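Heads up: the structure comes next, in structure tokens.
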Amino acid sequence: MDMDSYNGWDVARLDPELLQLNEVSSLAIKSNSFVANNLFDQWLSLPETTALVKSFLNKEKAGVPINISGATSSPKSPYNSVPPLSPRSSSGSPRLTKRVGPSVLGSPLKVITEPVKELIPQFYFKNGRPLPNELKERFLFRSNQFFYGHANGLSLDEFKAVTKEICMLPSFFSATLFKKIDTANTGVVTKDAFVDFWVNNMLTKDKATQIFTLLKQPDLKYLTQEDLKPILRELLTTHPGLEFLQSTPEFQERYAETVIYRIFYYVNRTGNGRLTLRELKCGNLITAMLHADEEEDINKVLKFFSYEHFYVIYCKFWELDADHDFLIDKENLIRYGNHALTYRIVDRIFSQVPRKFTSDVEGKMGYEDFVYFILSEEDKSSEPSLEYWFKCIDLDGNGALTRNELQFFYEEQLHRMECMAQEPVLFEDILCQIVDMIKPQDEAYFTLHDLKGNKLSGSCFNILFNLNKFMAFESRDPFLIRQERENPTLTEWDRFAHREYIRLSMEEDADDASNGSADIWDESLEAPF
């Protein structure tokens, strides 16, 4: 259509709805300006437009305000009137649709809308969740109660109540917390210093994170054995169940070491000597700490802190350490449990396959290494024990125990049974028995995953290298079975330690009776306690 054809239009015949053009962009108008100009000229030539313009001029001269909106909606002009709404729902009208994106030429059905953004509340806080006002007010109220009348601050002995009642920590954490606050070594902690430290560093953290933060060194992200020694020293000083040890400081040190070794054996699952916050949260150490703080009889705290358990471990080591140099060799360990172990399994232990020795003497096992050994030997149902013995049996280190590896260790067991005039059990029968007990995913080999979670896994290891326990398993002592049913919460280690403590205490009583009231003891015969 050329330009002249616009002049031939009968404007009066135009449908007013046709002039309600869709919204177009400014770019489209600029590229087709002749159309807009021609329509504007046509509009100006209308009589109604001329009258409207004259009325605006007259009002302007008379100083009367001009109502533009009313003028543009004059019913006299078919071109400036607003078309009626469709009888359809107003929500479907394109004129009421909110345009939030750039307009699109063409159909109003192409209107772009952005999805509503859901507001997700903040769930991670680098420095801890902001402190609720109610919690802070309650903390300040309790602090005022304990510090009332102590304007100069609390001493270490007075501060113990704050540690336990306000911070809800074991009382043997008092000295550690006190030193964290009293950095200037003034000997007292003021209320302001305590509130500032606890509110800014501890109040919003969970119990495990609080303990982890207090114990660890500032530049490290894990706990070492040294980090646990301060709280063990305070426990030995303050716990009523350990007061009798204060006259023998050398055994206080041994007790603390044993407790720390047991903690790292069970809680430090990576075995690297670096106890992480994740491991601390997954373990049961904090529960045991709180139990030890509430229980006056330390022997009832079976996890980690029992003195009777320490006594059994230390006496067992003392019995094997013939020259008392605090080191044991292969021949010493062979005597363990009345020669219960085979030479082949002892060789694997001293090859440091399951765990590298901490002693600096070649071919010698230190006390810490022995603690790991006896815990693994006497409770083969625990995961650390299963991992310990699995590494011993896995000769090629490929993570699978094959028929040949099992047979290698059982051969010595079979030979020992023959030497003791016992009826030997062939390996083929033993292998079928182990398969029935473990039910591995593939009967051609056993993985660590097959062993974990199976209550009979420990018995399988006993079959391979511990003759005494193998025979006991075959005979099924009804007394032991009844004990297990009566106390299902006790572990194999708990039962072993209880039996051995009774035996050792009876032997010590017998030694005391045989020695009478002699003042001088032969050092070689002296009991470790």
Side-chain angles (χ1 to χ4, degrees), residues 261-276 279 282-283 313 328-330 332-334 336-337 340-359 362-413 427 430-431 434-435 437-438 440-467 469-470 491-493:
Y261 297 155
R262 293 183 66 188
I263 290 173
F264 271 77
Y265 174 83
Y266 287 106
V267 183
N268 180 217
R269 301 300 299 115
T270 57
N272 59 358
R274 299 178 175 184
L275 185 59
T276 63
E279 291 174 328
C282 294
I313 294 173
I328 59 178
D329 56 19
K330 287 184 182 180
N332 298 142
L333 193 61
I334 282 293
Y336 180 83
L341 302 175
T342 63
Y343 279 92
R344 290 184 178 180
I345 199 67
V346 172
D347 285 339
R348 290 290 286 174
I349 294 172
F350 275 82
S351 298
Q352 304 182 38
V353 174
R355 184 177 186 272
K356 184 175 177 59
F357 288 170
T358 57
S359 66
E362 186 177 356
K364 298 281 188 176
M365 172 189 285
Y367 180 63
E368 180 180 352
D369 308 315
F370 179 78
V371 172
Y372 274 69
F373 160 76
I374 192 173
L375 292 176
S376 300
E377 168 59 23
E378 300 303 339
D379 188 1
K380 294 187 177 72
S381 63
S382 67
E383 286 198 3
S385 175
L386 293 175
E387 294 171 3
Y388 186 96
W389 297 119
F390 186 92
K391 293 176 182 177
C392 288
I393 305 299
D394 188 13
L395 296 174
D396 54 8
N398 65 346
L401 306 183
T402 61
R403 171 193 173 97
N404 292 336
E405 290 171 329
L406 300 181
Q407 187 172 9
F408 172 79
F409 287 94
Y410 184 73
E411 284 176 353
E412 189 175 350
Q413 288 280 73
F427 175 72
I430 288 297
L431 183 60
I434 294 177
V435 170
M437 292 165 62
I438 303 300
Q441 293 183 354
D442 191 330
E443 295 186 359
Y445 57 87
F446 301 89
T447 65
L448 186 60
H449 183 268
D450 294 329
L451 299 176
K452 288 185 176 181
N454 191 314
K455 295 181 179 180
L456 299 176
S457 298
S459 300
C460 294
F461 286 125
N462 289 330
I463 291 173
L464 297 176
F465 54 77
N466 191 313
L467 185 59
K469 291 186 177 181
F470 177 29
T491 64
E492 291 183 19
W493 165 257

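The structure displayed is predicted, hence computed values, not measured ones.
Rounded to the nearest 0.5 angstrom, W389 CH2 and L448 CG are separated by 14.5 Å. Atom CG of residue L456 and atom CG of residue L451 lie 11.0 Å apart, to the nearest 0.5 angstrom. The NZ atom of K391 sits 10.0 Å away from the OG atom of S376 when rounded to the nearest 0.5 Å.
Side chain of Q413 to backbone of I463: a donor-acceptor contact under 3.5 angstrom is found. Proximity of a side-chain donor or acceptor of N268 to a complementary backbone N or O of R274 within less than 3.5 Å is detected. Counting only distance, with no hydrogens or angles, the side chain of Y372 and the backbone of S385 share no donor-acceptor pair below 3.5 Å. Remark: side-chain polar atoms of E405 are paired, donor with acceptor, to backbone N or O of T402 under 3.5 angstrom. Remark: the backbone N or O of T447 is paired with a side-chain donor or acceptor of D450 at under 3.5 angstrom. Of the possible polar contacts, none joining the E412 side chain to the L341 backbone as a donor-acceptor pair under 3.5 Å is found.
For the pair D329/M365, no side-chain contact is recorded, criterion being any heavy-atom separation below 4.5 Å from C-beta on. Residues I374 and W493 meet the side-chain proximity criterion, which asks for heavy atoms closer than 4.5 Å. The shortest distance between side-chain heavy atoms of F470 and I430 falls below 4.5 Å. Looking at F264 and N272, their side chains never come closer than 4.5 Å, going by heavy atoms from C-beta outward. Residues K364 and I328 fail the side-chain proximity criterion, which asks for heavy atoms closer than 4.5 Å. By the 4.5 Å heavy-atom criterion applied to side chains, F409 and F461 are not counted as neighbours. Residues K330 and I349 have side chains not in contact (no heavy-atom distance under 4.5 Å, counting atoms from C-beta outward).
Taking the charged nitrogens against the carboxylate oxygens, E377 and K469 do have a contact shorter than 4.0 Å, which makes a salt bridge. Between R355 and E368 there is a salt bridge, since a side-chain N of the basic residue sits under 4.0 Å from a carboxylate O of the acidic one. The pair E383-K452 meets the salt-bridge criterion, with a side-chain N (NZ, NE, NH1 or NH2) lying under 4.0 Å from an Asp/Glu carboxylate O.
Across all their heavy atoms, L386 and S381 have their closest contact at CD1-O, 4.3 Å. The two residues R348 and P354 come nearest to each other via the heavy atoms O-CD, 3.6 Å. Heavy atoms only, all atoms of each residue included: Y266 and D379 are closest at OH-OD2, 4.5 Å. Scanning all heavy atoms of the two residues, the minimum distance from L406 to I393 falls at CD2-CG2, 4.0 Å. Closest approach of P440 to V435, counting heavy atoms only: CD-O, 3.7 Å. Considering all non-hydrogen atoms of both residues, G363 and F350 come closest at O-CE2, 3.5 Å.
A cation-pi arrangement is found for R344 relative to F408, the charged atom lying closer than 6.0 Å to the ring centre and inside a 45° cone about the ring normal.
Checked by atom type, the side-chain pair S359/Y367 shows no donor-acceptor distance below 3.5 Å.
When ring centroids are compared, Y388 and F373 stay outside the 6.0 Å threshold.
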